[in-house]
Amino acid sequence: DIQMTQSPTSLAASVGESVTITCLASEDIYGSLVWYQQKPGKSPQLLIYGATILEDGIPSRFSGSGSDTQYSLKINSLQPEDFASYYCQNGLSTPRTFGGGTKLELK
Amino acid sequence: QVQLKESGPGLVQPSQTLSLTCTVSGFSLMDYSVHWVRQPPGKGLEWMGRMKYDGDTYYNSALKSRLSISRDTSKSQVFLKMNSLQTEDTAIYYCTRDRSDYSSPFAYWGQGTLVTVSS
């Protein structure tokens, strides 16, 4: 099974700042990486798939990058609604493992 | 419009069996795979298993001995059954559908249903 390791587990930032979350796969997943955002009490929402493709309706301040085993999610100019939890996911193969998550909190 | 909705008991006693139903609309279960994902309170997402569009199933190895996923295509329903429940199985259970894009993202999610394991 492919293991997904996310870092950091938590992150404090201010509105307007930029942050980066990283995700490391235990083997090459050939860019098949998915990012989700989850707000308290809500179901996860798709942000980015194929490592870099922004889902329709997601603001352009979100961007994804990476290849092979290393991937990143960058959020530029944080907005109040961005403070949430973020998860990466192996999109290459079953089981569709998730990273442990990153909680982005307001500083 | 794609929709998924989970239903089932909110409370299950320890050692008993959990039965959940995911009722879908806006697509056919013979065209798309449906997955089950759970989330213990305050913790991360755990992929549990999936019902593929062709009827094939695949389970998380950690749950495989206790978990069964089935479907009724005529009723547009996918079922989850998990036995020998313990308190650590307390979680929100989601059903979700992937999409035919690269990396098969989980683009559609149900609202989730909270299952509490307690006597």
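Lettering follows sequence order; numbering is per chain, from 1.
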Part of B/Phe106 lying under 4.5 Å from any heavy atom of chain A: both
Select one option (side chain, backbone, both, neither) describing which atoms of [X] are under 4.5 Å from chain B's heavy atoms.
X	value
A/Asp1	side chain
A/Leu33	backbone
A/Pro40	neither
A/Tyr36	side chain
A/Lys103	neither
A/Ile29	backbone

Heavy-atom pairs under 4.5 Å with chain B - which of [options] has more of them than the others?
options	result
A/Gly31, A/Gly41, A/Pro44	A/Pro44
A/Pro95, A/Gly101, A/Gly50	A/Pro95
A/Gly100, A/Ser85, A/Ser43	A/Ser43

Find out whether the Lys NZ or Arg CZ of B/Arg99 is both under 6.0 angstrom from the six-membered ring centre of A/Tyr49 and within 45° of the ring's axis. yes
Taking the six-membered ring of B/Tyr32 as reference, does the cationic atom of B/Arg97 (NZ for Lys, CZ for Arg) lie under 6.0 Å from its centre and within 45° of its axis? yes
Count the heavy atoms belonging to other residues, nucleotides or ligands that lie under 6.0 Å from CZ of A/Phe83, then report whether that count exceeds 12. yes
Test side-chain hydrogen bond (donor to acceptor under 3.5 Å, both in side chains) on B/Gln39 and A/Gln38 and set out the steps. CA-CA 11 Å; B/Gln39 184 172 38; A/Gln38 187 181 32; 2.8 Å; yes
Check this for me: does any side-chain nitrogen of one of A/Glu81 and A/Arg61 sit under 4.0 Å from a carboxylate oxygen of the other? yes
Group every Ile, Leu, Val, Met, Phe, Trp and Tyr by side-chain heavy-atom contacts under 4.5 Å, then state whether B/Phe79 and B/Leu4 land in the same group. no
Does A/Gly91 offer a backbone N or O that forms a donor-acceptor pair with the side chain of B/Ser104 under 3.5 Å? no
